[in-house]
Amino acid sequence: MAKPPIENLPIIDISPFLDPECPAALQDLAARDIGYACQQYGFFYVKGHGIPNEKLDQIIALAREFFSLPMEEKEKIKRYDAGGPEGGDGARGYQGMGENITDGKRDVQEAVDFYREWGEDSDAEKNGPPFKTLHGPNLWPEKPEVIKPVYLDYIEKVKAIGKILVRAMGMALELPPSMEGATQESEDREIFVRNTDRCFWVMRLIGYPPLENQVGSREEGDIEEFSCGAHTDYGCLTLLLSDPTPSALQVQLRDGTWMNADPIKGAFVINIGDMIERWTNGVWKSTRHRVIHRGNNYRVSVPFFFEPNFDAVVKPLGECVQMTGGESLYEKTTYGKHLLGKVFGNFI
Ligand SMILES: N=C(N)NCCCC[C@H](N)C(=O)O
Ligand SMILES: O=C(O)CCC(=O)C(=O)O
Ligand SMILES: [Fe+2]
C-alpha cells in the first residue's frame, strides 16, 4: 500500500551551480544535499535549474497533442531502428498501448522514444549506414509541427542540467557526511562527468490512460494492472517532467514501502540509474519506482534519461568498494551492453 506522506523527498535548489559568481561553499552545500538524497532515497526534486515554466508546459502540451492524433498519424513513426535487430524492429519511435512490458506485464501506456541522435556533436560519429544497433537517426513526428525544434532546444537544456548534477554527484562522493568540507581527495571526482561527455541520452514521451482496474481493494497484492511496472532506470540520471497529475508515480523506500512522488510545479523529479549504483558499488542505489494512474485524466510525462557514453566502461570505484567492506559487488560492463540487454526485452 502506498505510504502516507510522512517523509518527503528532498527538494534541492541547484541555482548555485548556474551562477559563476557563487561561492564554492554554497555549491558544496548543494552537492552534499544531493549526496544525502542519493544515499537515502535515490530520488529527489530539483529546482532553480533555469528552465522557465512556460517551456516545461510546452513540452508536456506538445506530447499530449501528439498522443491525441489519429492512430494513422502516430503510426507514421512506428517503432523502427535503422540498426535494430532482424533489420526492422527497433527501439526508436512510437509504441502503441500495451506494447511495452515491465516485469513480464504489459504497461498501460503508449510512448515515443528518442535516443542520442546519429552524428550528434561530432562528425566522426557518422559511422553509418549501415548503423550499429541503436545508433541510427530518430523518427521525428511531422505533427505537431513545432515539436522537433522545441524538443531539440529542450534536450540541450536538460543535458546541461544533467551535466551539472553528475558534477555535483562527483563532488558529493568525496564530501564526508559531516560538515567539515572536502577533507578526502577523491580517486576521481570527475568520473561521471568524463563518462557522460558523449551522453547516450534517451527521451521518452509517455501517455497514460486511466487504469480501468479500479474495483477491489488497493492492497498491494490486488494490483493487476500497472501504468508502468516497478523497475529501475538504466543509466546515470532521469530528469522527469510530468503533467500535474498526483498519485501516479511511486517510489520504493528503503523499508520496501511505496511513497507517492507527486509533481511539484517547475521542478524535476530526479532519480539515479543502474550505472551510478554500479560505480558506487551500491552506496547509491538505483531505486525502484512504478506508475499507477487511477485518476480520470489522460496523464502525460516526458522523462529524459541522462546516460553514460555508449562505450563507457562501468566498474565499482575503488574508494566505494572500500567504503562498503572491500568487496566489489558488480562485474565490469559497458553502458551500451547494459542498455542493449534491457531495451529489446521491453517489447512484446
Ligand atoms: N530508458 C529507460 N530507463 N526506460 C524506462 C523503462 C522502464 C520500464 C521498462 N519496460 C523495463 O522493464 O525496464
Ligand atoms: O511517468 C512517470 O512518472 C515515470 C516513468 C518512468 O519511470 C520511466 O519511463 O522510466
Ligand atoms: Fe523509470
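In listed order, ligands and their atoms are each counted from 1.
Regarding atom 5 (C) of ligand 2, its nearest protein heavy-atom neighbour is Y208 OH, 3.5 Å. Among all non-hydrogen protein atoms, the one lying nearest atom 6 (C) of ligand 1 is Y234 OH, 3.7 Å. I206 CD1, 3.4 Å is the protein heavy atom nearest to atom 9 (O) of ligand 2. Closest to atom 8 (C) of ligand 1 among all protein heavy atoms lies T102 OG1, 3.3 Å. H231 NE2, 3.7 Å is the protein heavy atom nearest to atom 8 (C) of ligand 2. The single protein non-hydrogen atom nearest to atom 7 (C) of ligand 1 is H231 CD2, 3.2 Å, given as residue, atom name and distance. Here the heavy atom of the protein found nearest to atom 3 (O) of ligand 2 is R299 NH2, 2.8 Å. Shortest contact from atom 4 (C) of ligand 2 to any protein heavy atom: V291 CG2, 3.7 Å. Considering only non-hydrogen protein atoms, atom 12 (O) of ligand 1 sits nearest to N346 OD1, 3.2 Å.
For F310 and H135, the ring centers sit closer than 6.0 Å to each other.
Between D311 and T334 there is no side-chain heavy-atom pair separated by less than 4.5 Å.
Residue contact annotation: H231 places an N/O/S atom under 2.8 Å from the Fe ion (ligand 3).
At least one test fails for R204 against the ring of F114: distance under 6.0 Å to the centre or angle within 45° of the axis.
Atoms of ligand 1 found under 4.0 Å from any heavy atom of F305, numbered from 1 in the order shown, are 1 (N), 2 (C), 3 (N), 4 (N), 5 (C). For ligand 1, the atoms sitting less than 4.0 Å from at least one non-hydrogen atom of I101 are 10 (N), 12 (O), numbered in the order shown with element in parentheses. Residue D233 approaches ligand 1 through these ligand atoms, each under 4.0 Å from one of its heavy atoms: 3 (N), 5 (C).
Contact check on E99 versus R106 returns no salt bridge, with no Lys/Arg side-chain nitrogen under 4.0 Å from an Asp/Glu carboxylate oxygen. Salt-bridge formation is not detected for the pair R290/D107: no Lys NZ or Arg NE/NH1/NH2 atom is positioned less than 4.0 Å from an Asp or Glu carboxylate oxygen. The pair K105-E225 does not meet the salt-bridge criterion, since no charged nitrogen lies less than 4.0 angstrom from a carboxylate oxygen. The pair R32-D28 fails the salt-bridge criterion, with no side-chain N (NZ, NE, NH1 or NH2) lying under 4.0 Å from an Asp/Glu carboxylate O. Residues D113 and R92 are not paired through a salt bridge, judged by the lack of any N-O separation under 4.0 Å between the basic side chain and the carboxylate. A salt bridge is absent between K163 and D197; no separation between the charged side-chain nitrogens and carboxylate oxygens falls under 4.0 Å.
Heavy-atom distances between N100 and ligand 1 reach below 4.0 Å in at least one pair. K342 does not count as a contact of ligand 1, since none of its heavy atoms falls under 4.0 Å from the ligand. For the pair Q109 and ligand 2, no heavy-atom separation below 4.0 Å is found. For R290, the closest heavy-atom approach to ligand 2 does not fall below 4.0 Å.
Two different hydrophobic clusters hold V314 and Y330 under the rule that ILVMFWY side chains link at heavy-atom gaps under 4.5 Å. Cluster membership check: M203 shares its hydrophobic cluster with V146, using side-chain heavy-atom separations under 4.5 Å among Ile, Leu, Val, Met, Phe, Trp and Tyr. Residue V158 is grouped with residue V150 when hydrophobic side chains (ILVMFWY) are merged at heavy-atom distances under 4.5 angstrom, including chains of intermediate members. Grouping the Ile, Leu, Val, Met, Phe, Trp and Tyr side chains by contacts below 4.5 angstrom, directly or via other members, places Y151 with W201.
Applying side-chain contact (heavy atoms from CB on, under 4.5 Å) to N271 and the options I276, D233, L239 leaves one that passes, D233.
Of the heavy atoms in F305, only side-chain atoms (C-beta onward) come closer than 4.0 Å to ligand 2. For V269, no heavy-atom contact with ligand 2 is shorter than 4.0 Å. Contact annotation for D233 and ligand 2: only side-chain heavy atoms (C-beta onward) come within less than 4.0 Å of the ligand. In V202, neither the side chain nor the backbone holds a heavy atom less than 4.0 Å from any atom of ligand 1.
The distance criterion of under 3.5 Å between nitrogen or oxygen atoms is not met by E307 with respect to ligand 1. On a distance-only criterion, T232 and ligand 1 share no N/O pair closer than 3.5 Å.
Taking the six-membered ring where tryptophan is involved, the planes of H338 and Y234 are perpendicular, since the angle between them exceeds 60° and thus also 30°.
Taking only non-hydrogen atoms, the option from H293, R288, H289 nearest to atom 7 (O) of ligand 2 is H289.
Distances from the Fe ion (ligand 3) to the N/O/S atoms of D233 are shortest for OD1.
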